[in-house]
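These numbers were taken from a predicted model, which means no experiment stands behind them. Numbers for residues simply follow the sequence, beginning at 1.
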Amino acid sequence: MNRTHRMGTLLCAAALLAAAGCSNDANISEPNTGDGTSITSTEAASTESSTVDPCSVSTVAGQMCRTVASASIERADFANPIAVSINTSPTIEVRVATQSGAVAKHQVYPTSTSGGGGLGPTGDFPVKQDHFLTSVSDVTGDGVPEIIVQTGQFPDHAEYQVLRLGSDGTLAVVNAPTYNKWTTGNDVWTTYNTTDPDIGFFRCPKPGQPGVATNPLQSITVNDDGRGTRVDYLHDHKSGAWTQVAQEPVTMQMGVSTEPFRAFDCTDLATRTDRTPEDKNTPFTPETATSTVATPGASVSQTSTVAAPCTFDPAKDGRATTISVVSGDLGCADAQRIAREYKTSDLPAGGNAAHKENGEWHCSSPTAGENERTGRIMSCEATVGSSASWKFDVVVEPR
(Lines give C-alpha, C1' and ligand atoms only; values in the text may rest on other atoms or scores of the structure.)
Protein backbone atom coordinates (compact mmCIF):
# COMPACT_ATOMS: atom_id res chain seq x y z
CA MET A 1 0.00 0.00 0.00
CA ASN A 2 1.34 3.39 -0.91
CA ARG A 3 1.74 5.61 2.13
CA THR A 4 1.91 9.28 1.32
CA HIS A 5 1.64 12.47 3.29
CA ARG A 6 -0.31 15.61 2.41
CA MET A 7 1.65 18.24 0.54
CA GLY A 8 1.66 21.93 1.41
CA THR A 9 4.69 22.83 -0.70
CA LEU A 10 5.72 20.46 -3.45
CA LEU A 11 9.42 19.99 -2.88
CA CYS A 12 11.22 16.94 -1.54
CA ALA A 13 14.51 17.37 0.36
CA ALA A 14 17.28 17.11 -2.21
CA ALA A 15 19.59 15.60 0.36
CA LEU A 16 17.32 12.61 0.62
CA LEU A 17 15.91 12.21 -2.87
CA ALA A 18 16.46 13.78 -6.28
CA ALA A 19 13.68 16.21 -7.12
CA ALA A 20 11.69 15.56 -10.27
CA GLY A 21 11.08 18.00 -13.10
CA CYS A 22 7.99 18.72 -15.15
CA SER A 23 7.72 20.13 -18.63
CA ASN A 24 5.22 22.52 -20.14
CA ASP A 25 5.84 21.76 -23.79
CA ALA A 26 3.17 22.90 -26.19
CA ASN A 27 0.90 20.39 -27.86
CA ILE A 28 -1.83 18.94 -25.68
CA SER A 29 -2.75 15.31 -26.19
CA GLU A 30 -6.16 13.72 -25.83
CA PRO A 31 -7.59 13.65 -22.30
CA ASN A 32 -6.86 10.71 -20.07
CA THR A 33 -9.72 8.37 -19.30
CA GLY A 34 -10.88 7.68 -15.78
CA ASP A 35 -14.09 7.20 -13.83
CA GLY A 36 -14.62 10.46 -11.95
CA THR A 37 -16.63 10.92 -8.80
CA SER A 38 -17.25 14.54 -9.76
CA ILE A 39 -18.76 16.50 -12.63
CA THR A 40 -16.71 17.92 -15.48
CA SER A 41 -18.06 20.38 -18.03
CA THR A 42 -17.08 23.12 -20.44
CA GLU A 43 -18.80 26.51 -20.51
CA ALA A 44 -18.27 28.62 -23.63
CA ALA A 45 -17.34 32.25 -23.10
CA SER A 46 -16.07 33.40 -26.50
CA THR A 47 -15.19 32.18 -29.97
CA GLU A 48 -12.04 34.29 -30.05
CA SER A 49 -8.69 33.27 -28.59
CA SER A 50 -8.47 35.50 -25.53
CA THR A 51 -7.96 35.30 -21.81
CA VAL A 52 -11.28 34.95 -20.01
CA ASP A 53 -11.92 35.57 -16.33
CA PRO A 54 -13.01 32.07 -15.20
CA CYS A 55 -15.10 33.62 -12.41
CA SER A 56 -17.18 35.75 -14.80
CA VAL A 57 -18.79 33.04 -16.89
CA SER A 58 -20.96 31.51 -14.18
CA THR A 59 -22.40 33.66 -11.42
CA VAL A 60 -24.62 31.87 -8.91
CA ALA A 61 -26.09 32.70 -5.53
CA GLY A 62 -23.57 32.16 -2.79
CA GLN A 63 -20.58 31.92 -5.14
CA MET A 64 -17.15 32.62 -3.68
CA CYS A 65 -14.80 32.60 -6.67
CA ARG A 66 -11.35 33.97 -7.37
CA THR A 67 -8.45 33.26 -9.71
CA VAL A 68 -5.85 31.53 -7.55
CA ALA A 69 -3.12 30.86 -10.12
CA SER A 70 -2.12 30.68 -13.78
CA ALA A 71 -0.06 28.09 -15.62
CA SER A 72 0.94 27.22 -19.18
CA ILE A 73 -1.10 24.05 -19.63
CA GLU A 74 -2.10 24.14 -23.31
CA ARG A 75 0.98 25.81 -24.79
CA ALA A 76 4.12 27.52 -23.55
CA ASP A 77 3.15 31.03 -24.70
CA PHE A 78 -0.31 31.05 -23.10
CA ALA A 79 -0.96 31.17 -19.35
CA ASN A 80 -4.25 29.50 -18.44
CA PRO A 81 -6.00 31.30 -15.55
CA ILE A 82 -7.15 28.86 -12.85
CA ALA A 83 -9.94 29.80 -10.45
CA VAL A 84 -11.48 28.05 -7.46
CA SER A 85 -15.15 28.62 -6.64
CA ILE A 86 -16.86 27.53 -3.43
CA ASN A 87 -20.65 27.45 -3.46
CA THR A 88 -23.20 26.99 -0.69
CA SER A 89 -24.35 23.58 -2.00
CA PRO A 90 -21.62 22.88 -0.73
CA THR A 91 -19.30 22.27 -3.66
CA ILE A 92 -15.79 23.27 -4.65
CA GLU A 93 -15.11 23.83 -8.32
CA VAL A 94 -11.87 24.35 -10.21
CA ARG A 95 -12.19 26.40 -13.41
CA VAL A 96 -9.57 26.67 -16.16
CA ALA A 97 -9.83 29.36 -18.86
CA THR A 98 -8.64 27.96 -22.19
CA GLN A 99 -6.98 29.65 -25.15
CA SER A 100 -10.21 29.22 -27.17
CA GLY A 101 -12.12 31.45 -24.76
CA ALA A 102 -13.94 28.61 -23.00
CA VAL A 103 -13.83 27.65 -19.34
CA ALA A 104 -13.36 24.00 -18.35
CA LYS A 105 -14.89 23.13 -14.97
CA HIS A 106 -14.59 20.24 -12.53
CA GLN A 107 -16.91 20.21 -9.54
CA VAL A 108 -16.31 18.22 -6.36
CA TYR A 109 -19.02 17.26 -3.88
CA PRO A 110 -18.64 15.91 -0.32
CA THR A 111 -19.48 12.47 -1.71
CA SER A 112 -16.42 12.75 -3.99
CA THR A 113 -14.37 11.85 -0.92
CA SER A 114 -14.68 8.97 1.52
CA GLY A 115 -16.38 11.27 4.04
CA GLY A 116 -15.59 12.28 7.59
CA GLY A 117 -13.23 15.13 6.82
CA GLY A 118 -15.33 17.78 5.19
CA LEU A 119 -14.78 19.02 1.65
CA GLY A 120 -11.34 20.03 0.39
CA PRO A 121 -8.44 21.00 2.67
CA THR A 122 -9.06 21.56 6.37
CA GLY A 123 -9.69 25.20 7.29
CA ASP A 124 -12.09 28.07 6.77
CA PHE A 125 -13.38 29.09 3.35
CA PRO A 126 -10.35 31.22 2.37
CA VAL A 127 -7.96 28.41 3.36
CA LYS A 128 -9.97 25.86 1.38
CA GLN A 129 -9.99 28.16 -1.63
CA ASP A 130 -6.28 28.98 -1.48
CA HIS A 131 -5.13 25.36 -0.96
CA PHE A 132 -7.62 23.38 -3.07
CA LEU A 133 -5.21 23.71 -6.02
CA THR A 134 -2.27 21.62 -4.85
CA SER A 135 -0.08 21.81 -7.94
CA VAL A 136 0.10 22.04 -11.72
CA SER A 137 2.61 19.32 -12.61
CA ASP A 138 3.36 16.66 -15.20
CA VAL A 139 2.08 13.60 -13.33
CA THR A 140 1.71 11.28 -16.32
CA GLY A 141 5.11 12.00 -17.82
CA ASP A 142 4.26 13.06 -21.38
CA GLY A 143 5.40 16.68 -21.13
CA VAL A 144 1.87 18.04 -20.57
CA PRO A 145 1.04 19.19 -17.02
CA GLU A 146 -1.99 18.02 -15.07
CA ILE A 147 -3.88 19.82 -12.31
CA ILE A 148 -3.78 18.34 -8.80
CA VAL A 149 -6.57 19.30 -6.39
CA GLN A 150 -7.12 18.22 -2.79
CA THR A 151 -10.65 16.87 -2.46
CA GLY A 152 -10.58 15.89 1.22
CA GLN A 153 -8.46 15.97 4.37
CA PHE A 154 -8.89 13.49 7.22
CA PRO A 155 -7.23 12.65 10.54
CA ASP A 156 -4.99 9.97 9.02
CA HIS A 157 -4.94 10.67 5.28
CA ALA A 158 -5.71 13.15 2.52
CA GLU A 159 -7.37 12.61 -0.85
CA TYR A 160 -6.59 14.22 -4.20
CA GLN A 161 -7.74 14.13 -7.78
CA VAL A 162 -5.51 14.62 -10.83
CA LEU A 163 -7.18 16.39 -13.77
CA ARG A 164 -6.09 16.66 -17.39
CA LEU A 165 -7.18 19.43 -19.76
CA GLY A 166 -7.90 17.70 -23.04
CA SER A 167 -7.94 18.95 -26.61
CA ASP A 168 -11.75 18.99 -26.45
CA GLY A 169 -11.62 21.62 -23.70
CA THR A 170 -12.82 19.43 -20.82
CA LEU A 171 -11.13 18.31 -17.62
CA ALA A 172 -10.81 14.53 -17.34
CA VAL A 173 -9.94 12.64 -14.17
CA VAL A 174 -6.64 10.73 -14.31
CA ASN A 175 -6.87 7.49 -12.34
CA ALA A 176 -4.26 6.69 -9.72
CA PRO A 177 -1.93 3.71 -10.20
CA THR A 178 -2.90 2.43 -6.75
CA TYR A 179 -6.26 1.48 -5.27
CA ASN A 180 -7.96 3.68 -2.67
CA LYS A 181 -9.44 1.34 -0.07
CA TRP A 182 -12.06 3.92 1.00
CA THR A 183 -13.65 4.39 -2.43
CA THR A 184 -14.84 2.17 -5.24
CA GLY A 185 -12.25 3.16 -7.83
CA ASN A 186 -8.85 4.59 -8.59
CA ASP A 187 -9.96 8.13 -9.38
CA VAL A 188 -8.92 9.30 -5.90
CA TRP A 189 -5.22 9.53 -5.04
CA THR A 190 -4.76 8.73 -1.34
CA THR A 191 -1.88 10.00 0.77
CA TYR A 192 -1.15 9.52 4.48
CA ASN A 193 0.08 11.84 7.18
CA THR A 194 2.70 11.11 9.84
CA THR A 195 0.19 9.77 12.39
CA ASP A 196 0.54 6.54 10.45
CA PRO A 197 3.78 4.56 10.90
CA ASP A 198 4.41 4.72 7.15
CA ILE A 199 5.16 7.87 5.19
CA GLY A 200 5.73 8.43 1.52
CA PHE A 201 4.81 10.31 -1.62
CA PHE A 202 4.33 10.22 -5.37
CA ARG A 203 7.27 11.58 -7.37
CA CYS A 204 6.55 13.06 -10.78
CA PRO A 205 8.41 11.71 -13.84
CA LYS A 206 11.54 13.42 -15.06
CA PRO A 207 11.08 15.54 -18.20
CA GLY A 208 11.08 13.51 -21.39
CA GLN A 209 9.99 13.75 -24.99
CA PRO A 210 6.70 15.70 -25.36
CA GLY A 211 3.75 13.42 -26.02
CA VAL A 212 5.64 10.25 -25.08
CA ALA A 213 5.66 8.76 -21.57
CA THR A 214 9.22 7.44 -21.30
CA ASN A 215 9.92 8.22 -17.64
CA PRO A 216 7.89 6.68 -14.83
CA LEU A 217 5.83 8.07 -11.99
CA GLN A 218 7.27 6.78 -8.72
CA SER A 219 5.34 5.79 -5.63
CA ILE A 220 7.59 5.61 -2.57
CA THR A 221 6.55 4.07 0.73
CA VAL A 222 8.80 4.30 3.76
CA ASN A 223 8.36 2.82 7.23
CA ASP A 224 9.39 4.71 10.35
CA ASP A 225 12.69 2.79 10.39
CA GLY A 226 13.67 4.29 7.02
CA ARG A 227 13.17 1.14 4.97
CA GLY A 228 10.60 1.06 2.20
CA THR A 229 9.80 0.41 -1.43
CA ARG A 230 9.83 2.43 -4.64
CA VAL A 231 7.42 1.34 -7.37
CA ASP A 232 7.67 2.79 -10.91
CA TYR A 233 4.63 3.17 -13.21
CA LEU A 234 4.27 4.18 -16.86
CA HIS A 235 1.03 5.74 -18.09
CA ASP A 236 -0.83 4.86 -21.30
CA HIS A 237 -2.73 7.99 -22.36
CA LYS A 238 -5.08 6.17 -24.72
CA SER A 239 -6.37 3.64 -22.20
CA GLY A 240 -5.68 5.67 -19.06
CA ALA A 241 -3.98 2.62 -17.51
CA TRP A 242 -0.79 2.52 -15.45
CA THR A 243 1.70 -0.32 -15.85
CA GLN A 244 4.18 -1.25 -13.14
CA VAL A 245 7.65 -1.39 -14.70
CA ALA A 246 9.96 -1.63 -11.68
CA GLN A 247 10.06 -2.15 -7.92
CA GLU A 248 13.08 -1.60 -5.71
CA PRO A 249 13.78 -1.36 -1.97
CA VAL A 250 14.78 2.05 -0.63
CA THR A 251 16.47 3.19 2.57
CA MET A 252 16.32 6.71 3.94
CA GLN A 253 17.82 8.39 6.94
CA MET A 254 14.76 9.18 9.01
CA GLY A 255 14.50 11.89 11.63
CA VAL A 256 16.62 14.34 9.63
CA SER A 257 13.95 15.96 7.51
CA THR A 258 10.70 14.06 7.13
CA GLU A 259 8.55 17.17 6.62
CA PRO A 260 9.17 17.45 2.85
CA PHE A 261 7.64 14.01 2.30
CA ARG A 262 4.16 15.19 1.40
CA ALA A 263 1.87 13.79 -1.27
CA PHE A 264 3.53 14.84 -4.55
CA ASP A 265 7.23 15.52 -5.06
CA CYS A 266 6.74 17.54 -8.24
CA THR A 267 7.71 20.84 -9.77
CA ASP A 268 4.74 23.20 -9.44
CA LEU A 269 4.35 25.15 -12.71
CA ALA A 270 1.62 27.42 -11.36
CA THR A 271 2.17 31.09 -10.60
CA ARG A 272 0.05 31.84 -7.55
CA THR A 273 -2.21 34.87 -7.18
CA ASP A 274 -2.36 36.36 -3.68
CA ARG A 275 -5.63 37.15 -1.97
CA THR A 276 -6.76 40.76 -1.86
CA PRO A 277 -9.02 42.58 0.64
CA GLU A 278 -11.73 42.61 -2.05
CA ASP A 279 -11.90 38.80 -2.27
CA LYS A 280 -14.90 37.15 -0.65
CA ASN A 281 -14.31 35.16 2.53
CA THR A 282 -17.56 33.20 2.58
CA PRO A 283 -20.11 32.11 -0.04
CA PHE A 284 -22.90 32.84 2.44
CA THR A 285 -22.56 36.65 2.20
CA PRO A 286 -25.12 38.23 -0.19
CA GLU A 287 -23.40 40.43 -2.74
CA THR A 288 -24.03 42.19 -6.03
CA ALA A 289 -21.71 41.08 -8.80
CA THR A 290 -20.96 42.63 -12.18
CA SER A 291 -19.89 40.20 -14.87
CA THR A 292 -18.96 40.48 -18.55
CA VAL A 293 -20.56 37.73 -20.60
CA ALA A 294 -19.22 37.15 -24.12
CA THR A 295 -21.47 35.43 -26.66
CA PRO A 296 -20.35 33.94 -29.99
CA GLY A 297 -20.00 36.63 -32.63
CA ALA A 298 -20.58 39.53 -30.25
CA SER A 299 -19.16 41.19 -27.18
CA VAL A 300 -21.86 41.97 -24.61
CA SER A 301 -21.40 43.47 -21.15
CA GLN A 302 -24.07 42.45 -18.71
CA THR A 303 -24.53 43.46 -15.08
CA SER A 304 -26.35 40.94 -12.93
CA THR A 305 -27.36 40.87 -9.29
CA VAL A 306 -26.52 37.71 -7.40
CA ALA A 307 -29.55 36.73 -5.34
CA ALA A 308 -29.04 36.42 -1.61
CA PRO A 309 -28.86 32.78 -0.52
CA CYS A 310 -31.84 31.40 1.39
CA THR A 311 -30.40 31.03 4.88
CA PHE A 312 -31.73 29.04 7.82
CA ASP A 313 -31.08 28.74 11.54
CA PRO A 314 -27.45 28.03 12.52
CA ALA A 315 -26.48 24.42 13.14
CA LYS A 316 -25.94 23.14 16.68
CA ASP A 317 -22.21 23.88 16.43
CA GLY A 318 -22.87 27.44 15.24
CA ARG A 319 -22.06 26.94 11.56
CA ALA A 320 -24.19 28.79 9.04
CA THR A 321 -26.78 26.88 7.03
CA THR A 322 -28.55 27.53 3.75
CA ILE A 323 -31.61 26.13 2.01
CA SER A 324 -31.02 24.66 -1.44
CA VAL A 325 -34.09 23.94 -3.58
CA VAL A 326 -33.41 20.66 -5.38
CA SER A 327 -36.52 20.60 -7.57
CA GLY A 328 -39.83 22.33 -8.05
CA ASP A 329 -40.94 25.92 -7.45
CA LEU A 330 -40.74 26.88 -3.80
CA GLY A 331 -39.99 30.31 -2.39
CA CYS A 332 -37.42 30.93 0.33
CA ALA A 333 -40.02 32.06 2.89
CA ASP A 334 -42.10 28.90 2.43
CA ALA A 335 -38.99 26.69 2.65
CA GLN A 336 -37.93 28.43 5.88
CA ARG A 337 -41.44 28.00 7.32
CA ILE A 338 -41.55 24.30 6.49
CA ALA A 339 -38.05 23.68 7.85
CA ARG A 340 -38.97 25.40 11.15
CA GLU A 341 -42.26 23.53 11.37
CA TYR A 342 -40.38 20.25 11.07
CA LYS A 343 -37.72 21.38 13.52
CA THR A 344 -40.25 22.34 16.22
CA SER A 345 -42.96 19.78 15.47
CA ASP A 346 -44.04 17.31 18.14
CA LEU A 347 -45.18 14.83 15.48
CA PRO A 348 -43.84 11.31 16.08
CA ALA A 349 -40.48 10.72 14.39
CA GLY A 350 -39.81 7.51 12.52
CA GLY A 351 -36.51 5.72 11.94
CA ASN A 352 -32.91 6.82 12.43
CA ALA A 353 -33.47 9.81 10.13
CA ALA A 354 -36.41 11.16 12.21
CA HIS A 355 -38.99 11.13 9.40
CA LYS A 356 -42.03 13.33 9.97
CA GLU A 357 -44.91 14.47 7.76
CA ASN A 358 -48.01 16.58 8.28
CA GLY A 359 -49.94 16.25 5.01
CA GLU A 360 -48.11 19.14 3.33
CA TRP A 361 -44.51 18.12 3.79
CA HIS A 362 -42.35 15.08 4.54
CA CYS A 363 -39.02 15.92 6.20
CA SER A 364 -36.11 13.96 7.62
CA SER A 365 -32.72 14.52 9.23
CA PRO A 366 -29.87 12.57 7.59
CA THR A 367 -27.84 10.28 9.83
CA ALA A 368 -24.47 11.46 11.13
CA GLY A 369 -22.63 9.53 8.41
CA GLU A 370 -24.80 10.97 5.66
CA ASN A 371 -24.38 14.45 7.12
CA GLU A 372 -20.59 14.09 7.02
CA ARG A 373 -20.67 12.89 3.42
CA THR A 374 -23.14 15.41 1.99
CA GLY A 375 -23.32 18.36 4.40
CA ARG A 376 -27.12 17.99 4.56
CA ILE A 377 -28.78 18.34 7.97
CA MET A 378 -32.39 18.27 6.73
CA SER A 379 -34.32 17.21 3.63
CA CYS A 380 -37.95 18.09 2.89
CA GLU A 381 -40.30 17.32 0.03
CA ALA A 382 -43.98 17.63 -0.79
CA THR A 383 -46.12 14.85 0.62
CA VAL A 384 -46.85 12.03 -1.81
CA GLY A 385 -50.15 12.73 -3.58
CA SER A 386 -49.93 16.46 -3.02
CA SER A 387 -50.74 18.78 -5.92
CA ALA A 388 -47.42 20.52 -5.39
CA SER A 389 -44.07 19.00 -6.27
CA TRP A 390 -40.90 20.34 -4.70
CA LYS A 391 -37.87 19.27 -2.68
CA PHE A 392 -35.20 21.14 -0.76
CA ASP A 393 -32.20 20.45 1.48
CA VAL A 394 -30.81 22.37 4.41
CA VAL A 395 -27.03 22.32 4.07
CA VAL A 396 -24.42 23.33 6.65
CA GLU A 397 -21.26 25.17 5.66
CA PRO A 398 -18.12 22.97 5.56
CA ARG A 399 -15.82 22.92 8.55
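Judged by distance alone, with hydrogens and angles left aside, the side-chain atoms of S239 form a donor-acceptor pair with the main-chain N or O of A241 at under 3.5 Å. At distances below 3.5 Å, not a single donor-acceptor pair connects side-chain atoms of T151 with backbone N or O atoms of Q161. For the pair D232 (side chain) and P216 (backbone), a donor-acceptor distance under 3.5 Å is absent. Between the side chain of Q247 and the backbone N or O of T229 there is no donor-acceptor pair closer than 3.5 Å. Using modelled atom types, no side-chain atom of R340 and backbone atom of F312 make a donor-acceptor pair closer than 3.5 Å. Side chain of S345 to backbone of L347: a donor-acceptor contact under 3.5 angstrom is found. Judged purely by atom type and a 3.5 angstrom limit, K280 uses its side chain to pair as donor or acceptor with the backbone of Q63. Judged by distance alone, the side chain of D334 and the main-chain N or O of R337 form no donor-acceptor pair under 3.5 Å.
One hydrophobic cluster, built from ILVMFWY side chains closer than 4.5 Å, cannot hold both V127 and V149; they sit in different ones. Connection of V395 to L330 is not established within any shared hydrophobic cluster, with ILVMFWY side chains joined at heavy-atom distances below 4.5 Å, either directly or through further cluster members. Using a 4.5 Å cut-off between side-chain heavy atoms of Ile, Leu, Val, Met, Phe, Trp and Tyr, with links allowed through other members, M64 and V396 fall into different hydrophobic clusters. Cluster membership check: I86 does not share its hydrophobic cluster with V394, using side-chain heavy-atom separations under 4.5 Å among Ile, Leu, Val, Met, Phe, Trp and Tyr.
With contacts defined as side-chain heavy-atom distances shorter than 4.5 Å, the pair V96/V103 does not qualify. At least one side-chain heavy atom of N281 sits less than 4.5 Å from a side-chain heavy atom of R275. Counting heavy atoms from C-beta outward, L163 and E146 have side chains that stay 4.5 Å or more apart. Side-chain atoms of S137 and F264, non-hydrogen and from C-beta on, never get closer than 4.5 Å to each other. Side chains of L234 and V245 form a contact here, defined as non-hydrogen atoms less than 4.5 Å apart. At a threshold of 4.5 Å between non-hydrogen side-chain atoms, the residues V231 and Q244 count as touching. Counting heavy atoms from C-beta outward, F201 and R203 have side chains that approach closer than 4.5 Å. Counting heavy atoms from C-beta outward, I82 and P54 have side chains that stay 4.5 Å or more apart.
A salt bridge between R272 and D130 is absent, with no side-chain N of the basic residue lying under 4.0 Å from a carboxylate O of the acidic one. In this structure, D236 does not pair ionically with K238, as no charged nitrogen and carboxylate oxygen lie closer than 4.0 Å.
Around the CG atom of D77, the shell of radius 6.0 Å holds more than 12 heavy atoms that belong to other residues, nucleotides or ligands.
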Inset, instruction - For the pair K356 and D346, evaluate salt bridge (charged side-chain N to carboxylate O under 4.0 Å, His left out) and give the outcome as yes or no after the intermediate values. - result: CA-CA 9 Å; K356 296 181 182 180; D346 57 2; over 6 Å; no
Inset, instruction - Could you go through the side-chain contact (heavy atoms from CB on, under 4.5 Å) check for Y233 and Q218 one step at a time? - result: CA-CA 6 Å; Y233 300 93; Q218 297 180 342; over 6 Å; no
Legend entry - Stepwise side-chain contact (heavy atoms from CB on, under 4.5 Å) check, E159 with W189: CA-CA 6 Å; E159 297 180 2; W189 297 57; over 6 Å; no
Inset, instruction - Applying salt bridge (charged side-chain N to carboxylate O under 4.0 Å, His left out), run through R95 and E93 and close with a yes or a no. - result: CA-CA 6 Å; R95 302 177 183 177; E93 183 175 79; 2.6 Å; yes
Legend entry - Check against side-chain contact (heavy atoms from CB on, under 4.5 Å), W390 and V325: CA-CA 8 Å; W390 48 261; V325 177; 5.7 Å; no
Legend entry - Criterion side chain to side chain donor-acceptor pair (under 3.5 Å) on T383 and E360, from CA distance to verdict: CA-CA 5 Å; T383 304; E360 177 191 7; over 6 Å; no
Inset, instruction - Check the pair V250, I220 against side-chain contact (heavy atoms from CB on, under 4.5 Å), reporting the backbone distance first and the verdict last. - result: CA-CA 8 Å; V250 294; I220 300 175; 4.2 Å; yes
Inset, instruction - Report the C-alpha distance between E74 and N80 in whole Å, list the side-chain angles of each, state the deciding distance to 0.1 Å, and finish with yes or no for side chain to side chain donor-acceptor pair (under 3.5 Å). - result: CA-CA 8 Å; E74 294 179 282; N80 297 89; 2.8 Å; yes
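A distance of 11.5 Å separates CG of D142 from CG of N215, quoted to the nearest 0.5 Å. Residue Q336 holds its CD atom at 5.0 Å from CD1 of I323, rounded to the nearest 0.5 Å. For the atom pair CD1 of I377 and OG of S364, the computed distance is 12.0 Å after rounding to the nearest 0.5 Å. Between the CG atom of L165 and the OG1 atom of T170 there is a distance of 7.5 Å, given to the nearest 0.5 Å. The distance from atom CZ of F392 to atom SG of C363, rounded to the nearest 0.5 Å, is 5.5 Å. Rounding to the nearest 0.5 Å gives a distance of 4.5 Å between OG of S219 and CZ of F202.
The minimum heavy-atom distance linking Q150 with T134 is given by the pair N-OG1, 3.6 Å. Shortest non-hydrogen contact noted between V108 and F132 is CG2-CZ, 4.0 Å. D268 and V136 make their closest contact through OD1-N, 3.0 Å (heavy atoms, listed as atom of the first residue, atom of the second, distance). Of all non-hydrogen atoms in Q129 and R66, the two that sit nearest each other are NE2-N, 3.5 Å. Residue H235 comes nearest to G240 through the heavy atom pair NE2-O, 3.5 Å, listed as atom of the first residue, atom of the second, then distance. The two atoms that bring G120 and I92 nearest to each other are CA-CD1, 4.1 Å, heavy atoms only.
A donor-acceptor contact under 3.5 angstrom links the side chains of R75 and Q99, judged on distance only. Between S85 and N87, the side chains place a donor N or O and an acceptor N or O closer than 3.5 Å (distance only, hydrogens not considered). At a cut-off of 3.5 Å, with distance as the only test, a side-chain donor of S379 or D393 sits close to an acceptor on the other residue. Counted by atom type alone, Y342 and S365 present one or more donor-acceptor pairs between their side chains at under 3.5 Å.
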